[in-house]
Amino acid sequence: MEVVFLSSEVVPFAKTGGLADVGRALPDALAEAGLKVNVFMPLYGTVETKKSGIKKIKTLKLSLGAKKYVYEICGKKEKGVSFYFIKQKTFFDREGIYGSSLGDYPDNAGRFIFFQKAALHSLKSLKIKADVIHLNDWQTALVPKFISKKSCLPTVLTVHNLAYQGEYDAKLARYAGLKKSELLYGSRFNCLAYGISNASAVTTVSPAYAKEMKTKKFGCGLEDFLKKRGQYFKGILNGLDYSLWNPQSDPAIAASYSASSPEGKDKCKKALQKEMDLPQTDAMLVSFVGRLAMQKGMDILVPALQKLISGKIQFVMLGTGDAYYHRVLTALAKRFPKNFALRLDFDNDLAHRIYAGSDLFLMPSQYEPCGLGQMIAFSYGAVPVVNKTGGLMDTVSEYSPVKKTGTGFLLRDYSASALEQALRKAMSIYAAPGSFRELSVRCMRQRFSWKRSALKYIRLYQKLISESVVAARRIQGEK
Ligand code: ADP
């Protein structure tokens with residue numbers, strides 16, 4: 001089976017969030033399962049082509065609107081996956097992926113329409129005969145419009161975060177060749193709404209988020225589009241790449257450790273306290289790594305932190321995001337230098353050391369399609385404290401000190417007082433000898449394998465391919 005996989009971000013070439021991790025790990029897992037996988041992404045100005053060994057393959061031409069554009073296909077092969085890059089100066093040779101410090105690029109609709117058309121256009125010259133096309137998010141959601149209906153080529157659209165829809169003025173729809181009657185979302189041109197309605201199947205990144213997406217509260221206005229897809233919409237949980245996130249083999253951390261020999265974790269904690277200028281005591285160390293945004297629960301995290309900060313507890317936070325939270329957290333870190341260390345930065349190595357050095361990991365997100373942070377925290381034995389939503393619900397279960405079951409602490413509702421209560425429960429368990437280490441080791445033993453998720457995608461591809469064969473026969477018969 002041959003798959004064409006389109007993503008606007010792929011690790012290590014370009015990343016702004018979890019999409020980039022999936023854009024790499026899922027194709028790797030599909031290739032390992034024996035599929036032929038071709039991944040397409042735009043070649044942004046920031047991609048390090050020389051260092052990554054990306055080479056030019058071909059120069060081609062393609063029209064968009066009244067203009068003809070020259071573009072190059074570049075490529076490289078890694079772990080059995082072929083990566084192709086669409087290089088086009090006007091659209092992609094820029095510093096940002098989606099925008100600059102001034103905001104999103106105003107021509108993003110055109111940029112990603114070109115990307116999708118060019119990826120499909122290049123298939124013939126690359127001699128790729130796709131059996132299925134896998135799309136990711138709004139940047140690739142118009143592909144069902146660009147493939148001929150007669151080809152009956154199945155498409156799967158994965159939605160990584162429903163809040164980002166690629167919605168534009170209806171005038172721009174002409175670049176996609178969409179007529180007014182094809183605009184599904186009132187008078188606006190909404191790329192994700194089009195993809196949700198027209199892809200052969202739609203998936204999202206956890207079963208719980210799939211359910212939430214069909215409700216008014218989480219549906220971001222697209223809940224009815226999703227409900228209409230019936231059995232052709234479902235959640236498949238993301239996995240974690242354990243070759244990157246494993247305390248047994250992580251070069252970034254102070255000491256290696258594992259579930260069967262967890263002692264090194266204490267060394268990692270001491271090293272983290274030292275690095276962050278915190279006293280090297282046995283206070284419970286609680287961390288947060290992520291975007292400083294409302295979605296990630298900042299509005300409840302800040303007041304809960306203010307309540308607990310003077311106790312026998314230490315907080316470490318790493319993140320960038322809203323200027324307001326930068327200010328509030330900076331002031332708090334200045335006031336409580338012995339209890340709170342803050343780094344307003346994006347630093348992958350430090351993130352590894354934080355996961356390894358913490359006892360508890362905070363993820364009180366308002367909504368969370370899947371979430372990587374809690375899976376990474378598990379792997380490093382940092383016990384997650386999470387809101388009961390989306391992928392967090394699918395991966396974390398409440399710890400019971402009596403039954404000795406469960407893998408974390410869940411908020412009873414989305415509020416600062418619920419977060420404070422969960423943290424107080426964790427503190428009391430931390431204070432009781434033995435229990436916390438046992439819980440931390442159980443966390444380390446959790447596994448979220450990409451292999452299992454990839455098999456679910458393969459089953460879906462197989463089902464769609466067999467349906468498309470039937471549809472193609474019917475079209476043949478009608479001729
Ligand atoms: P998102 O909604 O941002 O995609 P996820 O939890 O799915 O959230 O993924 C976030 C990923 O980005 C994790 O791998 C996390 O470690 C990493 N990350 C987030 N913020 C930072 C940061 N400031 N420095 C380093 N890594 C970060």
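Note that these values count all heavy atoms, side chains included, but never hydrogens, waters or copies made by symmetry. Counting starts at 1 for both ligands and their atoms, following the listed order.
Taking the centre of each ring, F378 and F448 come in below the 6.0 Å mark. Between F91 and F112, the gap from one ring centroid to the other reaches at least 6.0 Å. Aromatic rings from W138 and Y168 are positioned such that their centres are separated by under 6.0 Å. Between F83 and F13, the distance from one ring center to the other falls under 6.0 angstrom.
Regarding atom 8 (O) of ligand 1, its nearest protein heavy-atom neighbour is K296 NZ, 3.1 Å. Nearest protein heavy-atom neighbour of atom 2 (O) of ligand 1: R291 NH2, 2.7 Å. Given atom 4 (O) of ligand 1, the protein heavy atom at minimum distance is G18 N, 2.8 Å. From the protein, the heavy atom lying nearest to atom 20 (N) of ligand 1 is G290 CA, 3.4 Å. Taking atom 9 (O) of ligand 1 as the reference point, the nearest protein heavy-atom neighbour is L372 CB, 3.6 Å. When only non-hydrogen protein atoms are considered, atom 12 (O) of ligand 1 lies nearest to K15 NZ, 4.0 Å. The protein atom (non-hydrogen) at minimum distance from atom 24 (N) of ligand 1 is D347 N, 3.0 Å.
Listed by atom number, the atoms of ligand 1 under 4.0 Å from G373 heavy atoms are 6 (O). If you number the atoms of ligand 1 from 1 as listed, the ones under 4.0 Å from a heavy atom of V289 come out as 16 (O), 21 (C), 27 (C). Atoms of ligand 1 lying under 4.0 Å from any heavy atom of G319, numbered from 1 in the order shown and given with element: 23 (N). Of all the atoms in ligand 1, the ones that sit under 4.0 Å from a non-hydrogen atom of G17 are 4 (O).
Here the rule is side chain to side chain contact (heavy atoms under 4.5 Å, CB included) with L292, and of D322, L344, T320 only L344 fits it.
Looking at I376, I354, L240 and measuring to atom 14 (O) of ligand 1, the nearest heavy atom belongs to I376. By heavy-atom distance, the residue among F346, Y355, Y367 lying nearest atom 18 (N) of ligand 1 is F346.
Assignment of M363 to the shell around ligand 1 is supported, since a heavy atom sits closer than 4.0 Å.
With no hydrogens or angles considered, a side-chain donor-acceptor pair links S8 and Y98 at under 3.5 Å. In this model, a donor atom of one side chain and an acceptor atom of the other lie less than 3.5 Å apart for Y461 and H134. A side-chain N or O of Q231 and one of K463 form a donor-acceptor pair less than 3.5 Å apart.
The local environment of NZ in K211 is sparse, with at most 12 non-hydrogen atoms from other residues, nucleotides or ligands closer than 6.0 Å.
Polar contact check, D345 against ligand 1: a nitrogen or oxygen pair lies under 3.5 Å apart.
Protein heavy atoms are found inside the 4.0 Å sphere centred on atom 22 (C) of ligand 1.
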Intermediate values then yes/no, salt bridge (charged side-chain N to carboxylate O under 4.0 Å, His left out), D266 and R437: CA-CA 11 Å; D266 300 330; R437 176 49 50 93; 2.9 Å; yes
